[in-house]
A.B. asks: 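This is the structure I have questions about; it appears just below.
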Amino acid sequence: MIVNSKREAIAWEVIKTLVKRFKKFPKDSSENRNAPFHEAFLNAFVDELEGKVVDIPFLISISSWLHGLSTTLGQSFFENVAHVLSDGEKRDFTPDSNMLLQITNLQKSTIADIITDLKNRNKQPDLEAENIILVSASTQGDVIDANKFSVDVYIDDDDITAIELKTVKPNSGEMRGEKQKILEAKAALFKKYSGKRVSYYIGFPFDPTSDTPTDSDKARFMNSIIGGTSYFAPKEVLLAGELWDFLSGDTNTMKQILEIINTIATPEFMNDYKFLKISKNRKMDQQRYRILLKKWFLFSELFLFDNDKKLKENINTTSDKRQYNQHIFKYDGKYKLERFYKLSRLLQ
């Protein structure tokens with residue numbers, strides 16, 4: 001079971017994502033960008049679309065909005081939830097971060113040989129064999145700067161674990177580039193952390209080929225991707241529930257994440273969100289306010305709410321009073337965690 005502190009952090013991400021997408025949801029076709037070629041082609045599908053969409057311009061607006069949702073999930077939501085579950089972080093190994101790593105010339109040429117063999121199908125992906133030769137090459141040859149790279153989920157404890165989160169529908173040819181990037185990153189990490197085990201995975205948040213939300217079939221999924229099985233061994237791929245369980249160290253994690261989303265993302269979401277934002281509702285309708293805080297996994301705010309009497313007794317400054325009267329969410333839907341910290345100190 002995901003602990004409450006992490007359930008709450010995931011809920012913050014869900015709320016923030018929903019608020020952002022609600023602000024950009026098209027109200028009608030008047031908000032549609034000029035898309036003359038799309039409209040021209042879609043005119044041929046008027047009969048097929050009848051009764052399914054309001055009109056073609058609105059369909060284009062909705063398609064654009066849905067693409068934005070996919071981008072938000074891929075670029076921030078999945079990554080942020082991964083950080084919450086794993087206590088990892090995004091880390092840049094770049095000159096700007098003053099963390100550019102080094103590799104040897106032999107590692108560089110070894111990577112080129114691996115990619116060539118995989119491309120020409122002279123060899124099958126072999127995670128253990130590739131790691132062995134990259135580690136061996138880390139102590140041989142001249143040292144050069146590695147290519148800069150970023151890790152979506154970086155976990156540093158007794159070992160080094162890195163995960164590259166990817167869309168479930170990579171572009172044609174993308175898998176070769178991802179494999180090369182990961183090999184080069186692993187080579188640099190092997191050299192930097194010679195006393196540690198380094199694991200580098202490519203992760204996919206769900207399996208679009210599955211008939212159910214949380215199940216997956218790695219072989220089928222990888223075969224559906226151009227170059228998937230040519231460049232990646234099954235052991236270096238984390239898919240759907242396997243990915244989320246790996247991050248949390250628990251079981252049924254993906255199901256729990258979806259339960260959090262489904263609990264918050266209801267047709268009443270925006271009305272409930274606006275209700276919670278209005279400070280006076282803490283007194284006007286205490287029962288509904290408390291039920292929503294608990295339902296949305298907002299345990300920090302629930303703690304303040306349940307200790308409201310003591311909290312108000314300990315408010316002695318104008319600053320404290322103003323913090324107390326603030327909305328609990330920022331404009332973009334982020335929970336005001338700094339406000340919670342300031343008020344919770346009054347209860348110590």
Side-chain angles (χ1 to χ4, degrees), residues 74-76 78-80 82-83 85-167 170-171 173-204 227-238 243 246-247:
Q75 292 183 351
S76 60
F78 293 139
E79 188 174 298
N80 291 341
H83 296 163
L85 292 172
S86 66
D87 296 307
E89 63 177 344
K90 188 179 187 72
R91 186 169 292 189
D92 297 326
F93 293 91
T94 65
D96 290 342
S97 66
N98 199 32
M99 290 192 64
L100 186 66
L101 301 183
Q102 294 182 316
I103 61 174
T104 66
N105 279 326
L106 184 56
Q107 283 180 310
K108 191 81 171 178
S109 62
T110 297
I111 292 168
D113 291 341
I114 292 172
I115 293 296
T116 298
D117 284 337
L118 294 177
K119 178 185 175 183
N120 295 333
R121 305 201 175 190
N122 295 330
K123 291 183 179 179
Q124 293 295 313
D126 187 332
L127 179 61
E128 289 80 6
E130 291 165 8
N131 285 345
I132 289 171
I133 58 176
L134 286 177
V135 170
S136 176
S138 67
T139 60
Q140 304 175 54
D142 295 332
V143 175
I144 58 175
D145 285 341
N147 291 332
K148 62 181 182 180
F149 66 96
S150 296
V151 180
D152 292 330
V153 184
Y154 185 86
I155 305 167
D156 186 354
D157 44 34
D158 293 334
D159 300 320
I160 301 293
T161 302
I163 303 174
E164 181 79 9
L165 296 176
K166 299 303 297 179
T167 173
N171 296 324
E174 187 175 347
M175 298 303 281
R176 176 185 170 187
E178 288 301 324
K179 179 69 174 190
Q180 183 159 349
K181 173 189 173 180
I182 289 176
L183 287 173
E184 291 177 350
K186 275 201 299 187
L189 292 170
F190 281 141
K191 181 161 184 60
K192 173 70 174 178
Y193 302 104
S194 59
K196 292 189 174 187
R197 178 182 177 183
V198 175
S199 300
Y200 211 127
Y201 301 92
I202 185 168
F204 299 92
T229 56
S230 297
Y231 291 100
F232 285 91
K235 289 183 179 179
E236 56 188 324
V237 177
L238 298 173
L243 168 67
F246 180 88
L247 290 163

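Residue indices begin at 1 and follow the sequence shown.
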A.B. asks: Could you give the distance from CD1 (I163) to CD1 (I202), rounded to the nearest 0.5 Å?
C.D. replies: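 It comes to 11.0 Å.
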A.B. asks: Looking at residues at least two apart in the chain, or sitting in another chain, which of them share a ring-ring contact (aromatic ring centres under 6.0 Å, His included) with F246?
C.D. replies: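 Here the qualifying residues are Y201.
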A.B. asks: Please list all pairs passing the ring-ring contact (aromatic ring centres under 6.0 Å, His included) test where one or both residues lie in residues 114-159, with sequence neighbours left out.
C.D. replies: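 For residues 114-159, and leaving out neighbouring residues, the ring-ring contact (aromatic ring centres under 6.0 Å, His included) pairs sorted by first residue read F93-F149, F93-Y154.
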A.B. asks: Just one of H83, K90, Q75 clears the side-chain hydrogen bond (donor to acceptor under 3.5 Å, both in side chains) bar with D152, so which one?
C.D. replies: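 The residue from H83, K90, Q75 that satisfies side-chain hydrogen bond (donor to acceptor under 3.5 Å, both in side chains) with D152 turns out to be K90.
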A.B. asks: Nearest 0.5 angstrom please: Q124 CD to S230 OG, how far?
C.D. replies: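 Rounded to the nearest 0.5 Å, the CD-OG separation comes out at 7.0 Å.
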A.B. asks: Provide the closest heavy-atom pair for A137 versus T104 in the form atom of the first, atom of the second, distance.
C.D. replies: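 Residues A137 and T104, closest heavy atoms: O-OG1, 2.7 Å.
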A.B. asks: Taking atom CD1 of I132 and atom CG of L127, what is their separation to the nearest 0.5 Å?
C.D. replies: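 Separation between the atoms: 9.5 Å.
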A.B. asks: Find the distance between CD1 (I114) and CG (D126) and round it off to the nearest 0.5 Å.
C.D. replies: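 Atom-to-atom, I114:CD1 and D126:CG are 9.5 Å apart.
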A.B. asks: Which heavy-atom pair separates A146 from I103 by the least distance, and what is that distance?
C.D. replies: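 Closest approach of A146 to I103, heavy atoms only: CB-CG2, 3.8 Å.
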A.B. asks: Going by the ring-ring contact (aromatic ring centres under 6.0 Å, His included) test, which pairs reach into residues 105-129, not counting sequence neighbours?
C.D. replies: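 Matches after skipping sequence neighbours: none remain.
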A.B. asks: Rounded to the nearest 0.5 Å, how far apart are CD1 of I160 and CZ of F190?
C.D. replies: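 It is 11.0 Å, given to the nearest 0.5 Å.
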A.B. asks: Count the heavy atoms of every other residue, nucleotide or ligand shown that sit under 6.0 Å from CZ of R176, and state whether that count exceeds 12.
C.D. replies: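 Counting other residues, nucleotides and ligands, CZ of R176 stays at 12 neighbours or fewer.
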A.B. asks: If I take atom CD1 from residue I111 and atom CG from residue L134, how far apart are they, to the nearest 0.5 angstrom?
C.D. replies: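 If I round to the nearest 0.5 Å, the distance is 5.5 Å.
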A.B. asks: Provide the closest heavy-atom pair for D92 versus S150 in the form atom of the first, atom of the second, distance.
C.D. replies: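 Scanning both residues completely, I find the closest heavy atoms to be OD1-OG, 2.5 Å.
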A.B. asks: Considering residues at least two apart in sequence or located in another chain, which fulfil the ring-ring contact (aromatic ring centres under 6.0 Å, His included) criterion with Y200?
C.D. replies: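 In terms of ring-ring contact (aromatic ring centres under 6.0 Å, His included), with neighbours along the sequence ignored, Y200 is linked to no residue.
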A.B. asks: Minimum heavy-atom separation for A82 and L247, please, with both atom names.
C.D. replies: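 The answer is CB-CD1, 3.7 Å.
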A.B. asks: Would you please test L101 and E184 for side chain to side chain contact (heavy atoms under 4.5 Å, CB included) and show each step?
C.D. replies: CA-CA 10 Å; L101 301 183; E184 291 177 350; over 6 Å; no
A.B. asks: Test: salt bridge (Lys or Arg N to Asp or Glu O under 4.0 Å). Region: residues 127-149. Which pairs qualify, not counting sequence neighbours?
C.D. replies: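 The answer is E128-K235, E130-K179.
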A.B. asks: Taking only residues at least two apart or on different chains, which pairs with a member in residues 111-145 satisfy ring-ring contact (aromatic ring centres under 6.0 Å, His included)?
C.D. replies: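 Non-adjacent pairs meeting ring-ring contact (aromatic ring centres under 6.0 Å, His included): zero.
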A.B. asks: Assess whether atom CG of N98 is packed by more than 12 heavy atoms of other residues, nucleotides or ligands within 6.0 Å.
C.D. replies: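 At most 12 heavy atoms, drawn from other residues, nucleotides or ligands, come within 6.0 Å of this atom.
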A.B. asks: If the condition is side-chain contact (heavy atoms from CB on, under 4.5 Å), which residues does D158 pass it with, not counting sequence neighbours?
C.D. replies: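 Counting only residues at least two positions away or on another chain, D158 forms no side-chain contact (heavy atoms from CB on, under 4.5 Å).
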A.B. asks: If only atom types and distance count, is the side chain of Q107 paired as donor or acceptor with the main-chain N or O of A187 below 3.5 Å?
C.D. replies: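 Yes, Q107 side chain to A187 backbone: donor-acceptor pair under 3.5 Å.
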A.B. asks: Under the side-chain contact (heavy atoms from CB on, under 4.5 Å) test, which residues partner Q140, sequence neighbours left out?
C.D. replies: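 Counting only residues at least two positions away or on another chain, Q140 forms a side-chain contact (heavy atoms from CB on, under 4.5 Å) with L106, S136.
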A.B. asks: With sequence neighbours left out, write down each residue that passes ring-ring contact (aromatic ring centres under 6.0 Å, His included) with F78, or none if nothing qualifies.
C.D. replies: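 Not a single residue meets the ring-ring contact (aromatic ring centres under 6.0 Å, His included) criterion with F78.
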A.B. asks: Return the set of residues passing salt bridge (Lys or Arg N to Asp or Glu O under 4.0 Å) with K119 (not counting sequence neighbours), or none when no residue passes.
C.D. replies: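 For K119 there are no salt bridge (Lys or Arg N to Asp or Glu O under 4.0 Å) partners, ignoring immediate neighbours.
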A.B. asks: Mind listing the side-chain donor-acceptor pairs of residues 191-198 below 3.5 Å, one per line with the distance, residues two or more places apart or on another chain?
C.D. replies:
from	atom 1	to	atom 2	distance (Å)
K191	NZ	S138	O	3.1
K196	NZ	D156	OD1	2.8
K196	NZ	D157	O	3.0

A.B. asks: Taking only residues two or more places apart in sequence, or in another chain, which ones meet D87 in a side-chain contact (heavy atoms from CB on, under 4.5 Å)?
C.D. replies: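 If we apply the side-chain contact (heavy atoms from CB on, under 4.5 Å) test to D87, skipping adjacent residues, the hits are K6.
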A.B. asks: Over all heavy atoms of both residues, which pair between V153 and S86 is shortest? Give the atoms and the distance, please.
C.D. replies: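 Closest pair (atom of V153, atom of S86, distance): CG1-OG, 3.7 Å.
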A.B. asks: Is there side-chain contact between K108 and N147, with heavy atoms separated by less than 4.5 Å?
C.D. replies: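 Yes, their side chains come closer than 4.5 Å.
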